[in-house]
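Okay, so here's the structure we're looking at.
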Amino acid sequence: MANYLVKGRRLTLSGNPDMGTYAVEIAGKTWTMTERPYVRFTDGTTVFFPAPETEGPVKTGTTEGISAVYTNFGGHKITVRTKAEIETITDDVYFTVQVDGDEKCEIDRVSFPAPFDFGTAYGDKPDNTAANLPESYTVLSRMQGTLIPAGMKIGLSGGQIMERDGYMPIFGQVRGNTGYLAIYDTPYDVRYELRYENGGEKVAPLWITSLGYMAYPRRMLYRFMENCSYNDFAQSYRAYVKQRGRLITLREKIARNPKVEKLLGCPVIHEGIATHISPDSDYYKPDDPAHNDYFTSFHTRAEQIKALAARGVKKAYTHFDGWGNHGYDNLHPDPFPPHEAAGGVDGMRELADATTGAGFIFGIHDQYRDYYYDGPTFSMENAIMYADGTHPFCSVWYGGKHSFLCSSVARDYVRRNYATFEELGIGVEASYLDVFSVVQLDECFNPAHPATREQCAQYRRECLDVLTDRGIIPSSEEVLDCILPSQVLCHHAPFFTSNLGSGEAQPVGIPIPLLNLVYHDCVVIPWIGRKNSRGGWGIPGNDSAYIHAWLNGGPVYLSINADEAAIAEAEAACANAEKLALQPMLKHEFVSADRRTQRTTFADGTTVTVGTGEVSVRGMYGYV
C-alpha cells in the first residue's frame with residue numbers, strides 16, 4: 001500500500017490509507033494522526049478500519065486528494081468510503097466519510113478522521129509572552145467559549161454538537177506558531193471526544209446515525225493557519241457562515257421585524273406570575289404546601305411596572321413566567337386560559353397594557369417541547385417516538401409527567417396559541433420559546449411525522465419565525481448556531497464552569513467570548529449580576545457578570561423592584577450595549593499577564609477594557 005502526497009499552496013497533505021491516517025505540514029511544522037479510524041457498532045463491537053479494498057489519488061476541478069474504500073468489517077456488511085482533499089484555491093482540507101449498506105440502528109458511531117496528535121505539551125507557563133496566552137491550547141465552543149492550555153485536564157470527555165457542549169460546530173488547536181480551525185461541515189449528527197494524551201488534547205469527531213442510518217456523506221473542514229489565535233478562528237468561522245448565507249445580523253432581523261430595534265439597550269426584567277408544582281414533579285414537597293402553590297397577581301405586577309417607570313426607567317424588556325392556567329412549566333403546549341386566580345384574561349391584558357404603556361416590551365415565557373400528560377389536547381401520537389417505538393418520559397419539571405412534543409407539529413401549536421392571544425386582546429410583543437436553543441436536537445421515528453435532527457432545527461426556527469411574522473420578538477434559552485438565524489434574544493450564554501449553578505464555581509480552562517467573536521451583532525445576550533456581585537450561573541466565582549456585560553457589549557438584568565442605584569448601574573451597561581449592539585466584535589485580548597484585565601474591539605473602533613471592577617470604553621473620538 002502506498003503513501004500519498006498532495007501539495008497545496010501553503011501546505012502539504014500526506015496520507016496512508018492502509019492505516020487510515022493523515023498528516024498536514026504547514027510552515028515547517030507537521031500535524032499528524034497516528035490512530036486508526038474505527039466503526040463502533042451497537043452490538044458493542046469496535047472494528048478498526050481494515051486495509052482498503054481500493055485506494056488512489058482523486059482529483060476534481062477544485063480539489064486534489066486521496067480516496068479509499070474499506071469493506072472488511074467482520075460480520076457487518078458495510079462499505080466505508082473516505083476522501084482526504086485539499087481545495088486548490090483556499091488550501092482548506094476536507095475529510096469525508098460515507099457509509100453504505102448499514103442496517104437500521106446497526107452503527108453507534110464512526111470515527112473519521114482520527115484526531116490530530118497534539119504532540120509536546122507547551123501549555124500554560126509563567127513566562128508566556130504571546131498575548132498573555134499559553135503557547136499551545138485547544139479551543140472548544142463549549143457555551144460562550146473555553147480555551148484549554150495544553151496538558152490541562154478539564155474533566156470534560158466530549159459532548160454533542162448543537163447543544164451546550166458545542167454552541168457552534170467548531171473546535172480549534174494552536175501549537176506554537178501553527179494551528180487549525182476544524183468545522184463540522186455536516187454538523188447535525190455528530191459528537192466529539194476529548195482525550196488527554198502525551199501532554200495534550202486530542203479532539204475526535206464522532207459521526208452518529210440519522211434516524212438509525214449513516215444516510216449521507218459526513219464531512220469535516222480543517223483550516224490550517226500560521227501565527228493564529230482563537231480570534232482568527234472566530235473570524236474565519238464567521239466568514240464561513242456568511243458565505244453560506246447563514247449570518248443573519250440584527251440589522252437584517254430589524255428589517256424583517258422593526259420591533260426588534262426597541263430591544264436594543266433594554267435591561268431585562270424577569271418575573272413570574274404563578275407556580276404550581278405537581279405531586280409528580282421532582283420539585284414537589286409534600287410537607288410544604290406553600291412551596292408547591294403560590295402566585296403574584298397580574299395586577300400587582302402591573303403596579304410594579306408602573307412604579308419602576310416612575311423611578312426613571314425609560315425602557316425595558318420584560319419576561320413573565322407562569323402566566324398560564326396552572327402556572328410555570330405546566331400543561332404545555334396548552335397553557336390557556338391565563339391563570340384565573342392571578343386575574344385571568346383581564347388581568348393578563350392589564351399587565352400587557354401597563355407594560356407597553358410604560359414604554360417597555362411585554363414578553364412571556366412559553367414552551368413547545370415538554371409535552372404534559374394532563375394537557376387538554378395531549379396525545380401520544382404527537383410525541384417523539386424512539387427507534388424502538390417507545391417515547392421520552394420526564395417528571396423533573398413543575399408540571400410533572402410529560403413526554404416531548406415532536407418538533408414537526410410544534411409550529412401549528414405556536415400558530416394557534418398566538419392567534420388566541422390576538423383574539424383575547426392580549427398584546428404579546430415578545431416570546432421566549434423555552435429550551436429550543438440549548439437542548440439537543442430531537443429525532444422522531446414516528447412514521448406519521450418523522451424528523452431528523454436537521455429537520456428538528458428547521459422546525460424550531462419555524463416556530464420562532466411564526467412569532468417574527470406576527471411582529472413578536474423571538475427568544476430562547478441560550479444560543480445554538482442552528483437556531484440563531486431565527487433568534488433575536490437569549491436568556492443568557494455564559495461560560496463553562498465547574499458547577500454551573502454555584503456561585504463558587506471555578507472557570508474550566510480559560511473563558512473566552514468565542515461565541516460573541518462570531519455572532520455579537522446577530523443576537524442580544526444579556527448578563528445576570530450587579531456591579532459588585534461575583535459568580536452566578538455560568539460565571540466563575542471571582543468574576544462579575546456585570547463586568548462581562550460591558551466587555552461583551554451586552555445588556556444586564558434589572559429587578560422589578562430595583563432602587564435608584566441598581567437602575568443607574570443597569571442603564572450605564574445598557575447604554576454601552578445599545579451603542580455596540582449592531583457592531584461585530586473583532587478581537588478579544590488578555591491585557592495583563594494574570595488575564596484579569598481584558599479588552600474587546602468592535603467594528604466601529606470602540607474598545608472596551610475591563611479590570612478588577614473597572615471599565616474603560618474608548619470610541620473613535622476618545623473615551624466615552
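It should be emphasised that the depicted structure is a prediction, and the values quoted were computed from it without experimental measurement.
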| said: Just checking Glu422: does its CD atom have more than 12 heavy atoms from other residues, nucleotides or ligands closer to it than 6.0 angstrom? | reply: no
| remark: Across all chains, not counting sequence neighbours, the side-chain contact (heavy atoms from CB on, under 4.5 Å) partners of Val47 are Phe41, Phe73
| said: Is the ring pair Tyr70/Phe49 parallel, tilted or perpendicular, if the boundaries are 30 and 60 degrees? | reply: tilted
| side chain to side chain contact (heavy atoms under 4.5 Å, CB included) partner of Leu467, the single match among Ile473, Val488, Leu433 | Leu433
| task | Establish, from distance only, whether the side-chain atoms of Glu423 and Thr420 form a donor-acceptor pair under 3.5 Å. | result | no
| Do Leu582 and Thr249 pass the side-chain contact (heavy atoms from CB on, under 4.5 Å) test, and can you show the C-alpha distance, the side-chain angles, and the key distance before you say yes or no? | CA-CA 8 Å; Leu582 305 181; Thr249 67; over 6 Å; no
| Can you say whether the rings of Phe95 and Phe116 are parallel (under 30°), tilted (30 to 60°) or perpendicular (over 60°)? | perpendicular
With a 3.5 Å cut-off and sequence neighbours excluded, list the donor-acceptor pairs that the side chains of residues 378-385 form with protein atoms.
unit_1: Ser379; atom_1: OG; unit_2: Glu381; atom_2: N; d: 3.2

| message | Going by ring-ring contact (aromatic ring centres under 6.0 Å, His included), His365 matches just one of Tyr328, Phe320, Trp323. Which one? | response | Tyr328
| said: So does Ser486 get a backbone contact from the side chain of Asp465, meaning a donor-acceptor N/O pair under 3.5 Å? | reply: no
| task | Spell out, as yes or no, whether a donor-acceptor pair under 3.5 Å connects the side chain of Arg218 to the backbone of Asp189. | result | yes
| task | Side-chain contact test, heavy atoms from C-beta onward, threshold under 4.5 Å: evaluate it for Ile364 versus Phe421 and give yes or no. | result | yes
| query | Hey, are the side chains of Met143 and Leu500 touching, using non-hydrogen atoms and a 4.5 Å cut-off? | reply | yes
| query | Taking the six-membered ring for Trp, are Tyr240 and Tyr237 parallel (under 30°), tilted (30 to 60°) or perpendicular (over 60°)? | reply | parallel
| Distance-only donor-acceptor check, side chains Ser431 and Tyr418, under 3.5 Å | yes
| Donor-acceptor contact present, side-chain Gln173 to main-chain Glu201, <3.5 Å | yes
| said: Taking the basic N atoms (NZ, or NE/NH1/NH2) and the acidic carboxylate oxygens, is any pair closer than 4.0 Å for Glu35 and Arg195? | reply: yes
| message | Classify the ring geometry of His491 against Tyr432: parallel below 30°, tilted from 30° to 60°, perpendicular beyond 60°. | response | perpendicular
| task | Taking the side chain as every heavy atom from C-beta outward, state whether Val110 and Val80 have any atom pair closer than 4.5 Å. | result | no
| Just wondering, do Ser210 and Glu443 contact through their side chains at under 4.5 Å, heavy atoms? | yes
| Do Arg81 and Ser67 have side chains that get closer than 4.5 Å, going by heavy atoms? | no
| query | Can you tell me if Arg223 uses its side chain to pair, donor with acceptor, with the backbone of Ser236 under 3.5 Å? | reply | yes
| request: For Ile161 and Pro187, work out which heavy atoms get closest and say how close. | output: CG2-O, 3.7 Å
| Mind checking whether Ile525 and Leu515 have side chains closer than 4.5 Å, heavy atoms only? | yes
| request: Taking Tyr373 for its side chain and Gly400 for its backbone only, find out whether a donor-acceptor pair lies under 3.5 Å. | output: no
| query | Which heavy-atom pair separates Cys444 from Leu211 by the least distance, and what is that distance? | reply | O-CD2, 3.4 Å
| query | Do we see a donor-acceptor contact under 3.5 Å between the side chains of His520 and Asn552? | reply | no
| Strictly by modelled atom types, are Glu462 and Gln458 linked by a side-chain donor-acceptor pair under 3.5 Å? | yes
| Do side-chain atoms of Glu103 reach the backbone of Glu106 as a donor and acceptor pair under 3.5 angstrom? | no
| remark: Shortest non-hydrogen pair, Pro217 vs Gln98, comes out as CG-OE1, 3.6 Å
| said: Between Asp232 and Tyr230 (side chain of the first, backbone of the second, donor and acceptor by atom type, cut-off under 3.5 Å), is there such a pair? | reply: no
| remark: Residues Ile170 and Ile183: closest non-hydrogen pair is CG2-CG1, 4.0 Å
| request: For Asp521 and Arg238, run salt bridge (charged side-chain N to carboxylate O under 4.0 Å, His left out): C-alpha distance rounded to whole Å, both residues' side-chain angles, the deciding distance at 0.1 Å, then the answer. | output: CA-CA 11 Å; Asp521 60 328; Arg238 180 181 170 93; 2.9 Å; yes
| task | Establish, from distance only, whether the side-chain atoms of Arg219 and Thr96 form a donor-acceptor pair under 3.5 Å. | result | no
| message | For the CZ atom on Arg415, are there more than 12 heavy atoms of other groups (residues, nucleotides or ligands in this structure) within a distance under 6.0 Å? | response | no
| query | For atom OH of Tyr38, is the number of surrounding heavy atoms from other residues, nucleotides or ligands below 6.0 Å larger than 12? | reply | yes
| message | Quick one: does any side-chain atom of Gln144 pair with a main-chain N or O of Asn516 as donor and acceptor, under 3.5 Å? | response | yes
| request: Please indicate whether Arg251 has more than 12 foreign heavy atoms, meaning atoms of other residues, nucleotides or ligands, lying under 6.0 Å from its CZ. | output: no
| task | Kindly say whether His588 contributes a backbone atom to a donor-acceptor pair with the side chain of Asn231 at under 3.5 angstrom? | result | yes
| message | Would the distance check show the side chain of Gln487 and the main-chain N or O of Glu478 forming a donor-acceptor pair, the cut-off being under 3.5 Å? | response | yes
| message | For a quick test of reading the model, state the closest non-hydrogen atom pair linking Val396 to Ser281 and the distance between them. | response | O-OG, 3.0 Å
| request: Could you check Phe233 against Leu517 for side-chain contact (heavy atoms from CB on, under 4.5 Å), going step by step and ending with a plain yes or no? | output: CA-CA 9 Å; Phe233 295 164; Leu517 282 163; over 6 Å; no
| task | Show your working on side-chain contact (heavy atoms from CB on, under 4.5 Å) between Ile154 and Leu194 and close with a plain yes or no. | result | CA-CA 10 Å; Ile154 65 168; Leu194 183 66; 4.1 Å; yes
| field | Heavy-atom closest contact (Cys266 atom, Lys262 atom, distance) | value | SG-O, 3.1 Å
| CA sep, side-chain torsions, deciding dist, call: Trp527, Phe495, ring pair (Phe, Tyr, Trp, His ring centres under 6.0 Å) | CA-CA 11 Å; Trp527 298 78; Phe495 300 107; 5.8 Å; yes
| query | Is there any ring pair (Phe, Tyr, Trp, His ring centres under 6.0 Å) pair reaching into residues 433-482, and which pairs are they, with sequence neighbours excluded? | reply | none
| message | I need the Asn330 CG to Thr275 OG1 distance, nearest 0.5 Å. | response | 9.0 Å
| query | Taking atom types as modelled and ignoring hydrogens, do the side chains of Tyr192 and Asp165 form a donor-acceptor contact shorter than 3.5 angstrom? | reply | no
| task | Dump the intermediate steps for side-chain contact (heavy atoms from CB on, under 4.5 Å) on Leu441 and Cys482, then the final yes or no. | result | CA-CA 10 Å; Leu441 300 174; Cys482 60; 4.1 Å; yes
| query | So with a 6.0 Å cut-off around CD of Gln583, is the heavy-atom count from everything else above 12? | reply | yes
| request: Flag the pair Met220 / Trp207 as yes when at least one side-chain heavy-atom distance between them is below 4.5 Å, and no otherwise. | output: yes
| query | Do Pro555 and Pro267 have side-chain heavy atoms sitting under 4.5 Å apart? | reply | no
| said: Under a 3.5 Å threshold, yes or no: a donor from one side chain and an acceptor from the other, between Glu87 and Thr62? | reply: no
| query | Under 3.5 Å, is there a donor-acceptor pair linking the side chains of Thr377 and Asp334? | reply | yes
| task | Would you please classify the geometry between the Trp537 ring and the His492 ring as parallel, tilted or perpendicular, with 30° and 60° separating the classes? | result | parallel
